[in-house]
Structures are given as C-alpha cells and as structure tokens.
Asker: 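Have a look at this one.
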Amino acid sequence: QVQLVESGGGLVQPGGSVMLSCVASGKFYSVAGMSWYRQVPGRQRELVAGINWGGITKYADSVKGRFTVSRDNAKNTMYLQMNSLKPEDTAVYYCNAFITTSQPMPWEYEYWGQGTQVTVSS
C-alpha cells in the first residue's frame, strides 16, 4: 500500500516560516514528479510548487521568492520551505506524487496525501 504522509503544518505568525515534509512509503519502484497543492474552503485546490525527479522546479506566482520546494530522492521525501508567510497562505496543504508500482498492474499512478493545515495568523 503506497502512502504519502505530510507533516510540519501548524499555526505561524505573519512573516514567519514553516517547513512541510512529504514522505512516500510502501512498495513501489520509483517516484516521479512531486508537487504541493493547497486548498481553502469553497475554493479549488491550487498548485503551489512542483519538482521533478531531476530537481527542476515550478512555482505559483503567488509564492515565488518566498517558498522553496526540494526533495531527497534517497528518502522519497519532498519538502516545502515556506518563508515570509502571509494570512492568505492559510490553507490545507496536500502532497501529490506520481509513483510507479506493481499493483494493481505495473504502472505510474497518482497519489495524494491526507493534507496538513497551515494557519498564518497573529
């Protein structure tokens, strides 16, 4: 059973920083692209940042220069360093990854984590 587990959310003051982590666990062959999304109630889930296996990154315009996505392929882990946080960054942050597994058949499947809440407030 492949799982993505996020950690690191919480309450942070405006201007503060927090780092999120996402670990892929279970039986699989490889992890390709990984991304962070976020969602607030009543709005669509939006892409925050993504990184491919080779380390090429992409960011939403709203977080460029403030957030940094990285990954450790040996640990099947992706990180999101969030700096200069604003109240509008408040959301549930989800990890997303494309993982090649053997079940139900050898293929690349899309997985989501359960989400971690980040609240930016004084």
Asker: Mind running ring-ring contact (aromatic ring centres under 6.0 Å, His included) on Phe67 and Trp36 for me, showing each step along the way?
Answerer: CA-CA 11 Å; Phe67 292 8; Trp36 290 99; over 10 Å; no
Asker: Give the minimum heavy-atom separation between Ala91 and Gln117, together with the two atoms involved.
Answerer: O-NE2, 3.4 Å
Asker: What I'd like to find out is whether the side chain of Tyr29 reaches to under 4.5 Å of the side chain of Ile99, using heavy atoms alone.
Answerer: no
Asker: So which heavy atom on Arg71 is nearest to which on Val31, and how close?
Answerer: NH2-O, 3.2 Å
Asker: Any side-chain heavy atom of Ser102 sitting closer than 4.5 Å to one from Lys27?
Answerer: no
Asker: If you compare all heavy atoms of Phe28 against all heavy atoms of Thr100, which two are closest, and at what distance to 0.1 Å?
Answerer: CB-O, 3.4 Å
Asker: List the atom of Met82, the atom of Leu85, and the distance in Å for their closest heavy-atom pair.
Answerer: CE-CD2, 3.6 Å
Asker: Applying a strict under-4.5 Å side-chain criterion to I, L, V, M, F, W and Y, I'd like to know whether Ile56 and Met34 cluster together.
Answerer: no
Asker: Can you check whether Val118 reaches Arg38 side chain to side chain, under 4.5 Å on heavy atoms?
Answerer: no
Asker: Out of curiosity, Glu6 CD to Leu80 CG, how far, rounded to the nearest 0.5 Å?
Answerer: 11.0 Å
Asker: Short question: side chain of Ser62, backbone of Ala60 - any donor-acceptor pair under 3.5 Å?
Answerer: no
Asker: For residues Tyr93 and Tyr111: do they belong to one hydrophobic cluster (side chain heavy atoms under 4.5 Å, members Ile, Leu, Val, Met, Phe, Trp, Tyr)?
Answerer: yes
Asker: Assess whether atom CD of Glu110 is packed by more than 12 heavy atoms of other residues, nucleotides or ligands within 6.0 Å.
Answerer: yes
Asker: Using modelled atom types and a 3.5 Å cut-off, is there a donor and acceptor pairing between side-chain atoms of Thr90 and backbone atoms of Val120?
Answerer: yes
Asker: What are the two closest non-hydrogen atoms of Arg66 and Ser84, and how far apart are they?
Answerer: NH1-O, 3.0 Å
Asker: Between atom CE of Met19 and atom OG of Ser7, what is the distance when rounded to the nearest 0.5 Å?
Answerer: 10.5 Å
Asker: Spell out, as yes or no, whether a donor-acceptor pair under 3.5 Å connects the side chain of Gln3 to the backbone of Gly113.
Answerer: no
Asker: Do Leu20 and Val92 belong to the same hydrophobic cluster, where Ile, Leu, Val, Met, Phe, Trp and Tyr are linked whenever their side-chain heavy atoms lie under 4.5 Å apart, directly or via other members?
Answerer: no
Asker: Do Phe98 and Ser35 have side chains that approach each other closer than 4.5 Å (heavy atoms only, starting at C-beta)?
Answerer: no
Asker: Could you check whether any side-chain heavy atom of Cys95 comes within less than 4.5 Å of a side-chain heavy atom of Trp112, counting everything from C-beta outward?
Answerer: no
Asker: Go through the steps for Lys64 and Asp61 under the test salt bridge (charged side-chain N to carboxylate O under 4.0 Å, His left out), then give the verdict.
Answerer: CA-CA 5 Å; Lys64 282 180 181 177; Asp61 288 343; 3.1 Å; yes
Asker: Do the non-hydrogen side-chain atoms of Ser121 and Leu11 ever get within less than 4.5 Å of each other?
Answerer: yes
Asker: Does a donor on one side chain and an acceptor on the other come within less than 3.5 Å for Asn83 and Ser17?
Answerer: yes
Asker: Can you see whether Tyr94 has Arg45 sitting over its ring - NZ or CZ less than 6.0 Å from the centre and within 45° of the normal?
Answerer: yes
Asker: Taking the side chain as every heavy atom from C-beta outward, state whether Ile51 and Tyr79 have any pair of such atoms under 4.5 Å apart.
Answerer: no
Asker: For Trp53, does the CH2 atom sit with more than 12 other heavy atoms under 6.0 Å from it, leaving out its own atoms?
Answerer: no
Asker: Take atom CD of Gln44 as the centre, draw a 6.0 Å sphere, and report whether it contains more than 12 heavy atoms from other residues, nucleotides or ligands.
Answerer: no
Asker: Are Gln39 and Glu46 close enough that a side-chain donor and a side-chain acceptor fall under 3.5 Å?
Answerer: no
Asker: Would you say the side-chain atoms of Tyr59 pair up with the backbone N or O of Val69, donor to acceptor, closer than 3.5 Å?
Answerer: yes
Asker: Could you measure the distance from the CG atom of Leu4 to the CE atom of Met78? Nearest 0.5 Å is fine.
Answerer: 8.0 Å
